[in-house]
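Read the numbers this way: they start at 1 and go in the same order the structure lists the ligands and their atoms.
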Amino acid sequence: MAAIHNHSYLFLVFFMFEAIAVSATQFTLQNNCGYTVWPGTLSGNGVPISGDSGFALTPGATIQLSAPGGFSGRFWGRTGCNFNSTGAGKCITGDCGALKCPSGAGGAPPVSLVEFTIAKTNAEKDFYDVSLVDGYNVGIGVRSSGGSGDCQYAGCVADLNAICPKELQVMDNGAVVACKSACAQFNTAEYCCTGAHSTPATCSPTNYSRIFKSACPSAYSYAYDDASSTCTCAGADYLITFCPTAS
Ligand SMILES: *[C@@H]1O[C@H](CO)[C@@H](O)[C@H](O)[C@H]1NC(C)=O
Ligand SMILES: *[C@@H]1O[C@H](CO)[C@@H](O)[C@H](O)[C@H]1NC(C)=O
């Protein structure tokens, strides 16, 4: 009888360690911009992330969110938002319809994105990238901590609004507040990687994607940008910074 008890006790301990091994991934969101950013979060596969899916982050503020293994989703920053006391309102860039992004709602392009696929266990690799495929609105970077593997920095540190070609600029009050993708602006097969350009082999960098790529080499600049834009890391937590100053 004692032996059985001992056995189930050991099993319980083993189970607790297992639970720790698959513990949640922590995301710290930090606003390094000189203005308020309203981050939005979106689960792409139904695995929930903590928090309200949208909130204000004042300059210098941080917030911590956690997601269980298996989470796949995105983070972005909204700018120029106006919400009333019930959270109704909108943003000039990255809008999702309300302060708390409604279920399934992403940010309206042009918007810089951080994309994550978190592994089910700490022993497997997470995948993450910064994407400018839907354009750019605010600088954003991802730094891992405590993980193993490549764990490279991903980000777009440069201010693309400052070098955005005129034909891609989104203006508000005389200032460039976002930079559209060439696909969104011109909607051609070459820029959108559709039709005759729908495979990685037939969709090459363009004069516009090269502007994004040279400013932000570690970010996706168009749909079939090279695989070096995707980072991997196992068992890490992640710091997502808006307006990062260095890679
Ligand atoms: C907030 O805005 C929404 C949408 O315009 C409106 O329906 C609601 O009454 C407003 N609430 C307050 C408290 O102002
Ligand atoms: C990109 O190429 C197109 C087509 O040749 C041209 O019309 C456009 O001005 C170019 N834009 C830039 C920013 O080089």
Side-chain angles (χ1 to χ4, degrees), residues 35-42 51-58 63 76-113 130-140 155-226 228-229:
Y35 49 86
T36 297
V37 171
W38 287 261
T41 69
L42 171 66
D52 275 335
S53 74
F55 41 84
L57 210 52
T58 54
I63 192 169
W76 70 98
R78 296 171 287 172
T79 62
C81 303
N82 256 306
F83 298 113
N84 70 14
S85 57
T86 63
K90 59 185 180 187
C91 305
I92 292 168
T93 74
D95 189 48
C96 65
L99 173 60
K100 300 179 187 180
C101 296
S103 177
V111 64
S112 332
L113 298 173
V130 167
S131 171
L132 307 178
V133 174
D134 285 337
Y136 171 98
N137 66 333
V138 63
I140 195 165
C156 185
V157 173
D159 181 7
L160 268 179
N161 290 335
I163 57 166
C164 184
K166 201 160 197 65
E167 55 275 34
L168 302 183
Q169 292 175 355
V170 175
M171 306 288 296
D172 182 70
N173 264 325
V176 181
V177 292
C179 190
K180 287 187 231 179
S181 69
C183 169
Q185 177 63 26
F186 303 113
N187 195 26
T188 64
E190 186 194 6
Y191 290 135
C192 298
C193 298
T194 53
H197 300 272
S198 64
T199 70
T202 57
C203 198
S204 308
T206 65
N207 55 352
Y208 290 106
S209 74
R210 282 195 186 96
I211 295 172
F212 285 27
K213 195 69 183 175
S214 63
C216 294
S218 72
Y220 271 93
S221 64
Y222 74 105
Y224 292 124
D225 205 347
D226 64 275
S228 70
S229 303

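Atom-to-atom distance recorded for Y208:OH and C179:SG is 10.0 Å, nearest 0.5 angstrom.
Between S53 and K100, the closest heavy-atom pair is OG-C, 3.7 Å.
Those atoms of ligand 1 with a heavy atom of A88 less than 4.0 angstrom away are 1 (C), 2 (O), 3 (C), 4 (C). Within ligand 1, counting atoms from 1 as listed, the ones closer than 4.0 Å to a heavy atom of T86 are 1 (C), 11 (N), 13 (C). With ligand atoms numbered from 1 in the order given, ligand 1 contributes 13 (C) to contacts under 4.0 Å with heavy atoms of S85.
Of the possible donor and acceptor atoms, none in the side chain of W38 sits under 3.5 Å from a partner among the backbone N and O of C81.
Protein heavy atoms are absent from the space less than 4.0 angstrom from atom 7 (O) of ligand 2. Protein heavy atoms are found less than 4.0 angstrom from atom 14 (O) of ligand 2.
No more than 12 heavy-atom neighbours from other residues, nucleotides or ligands sit within 6.0 angstrom of CG on N173.
The residue from F186, Y208, Y191 that puts a heavy atom closest to atom 9 (O) of ligand 2 is Y208.
The protein heavy atom nearest to atom 12 (C) of ligand 2 is N207 ND2, 3.3 Å. At the shortest separation from atom 1 (C) of ligand 1 among protein heavy atoms lies N84 ND2, 1.4 Å.
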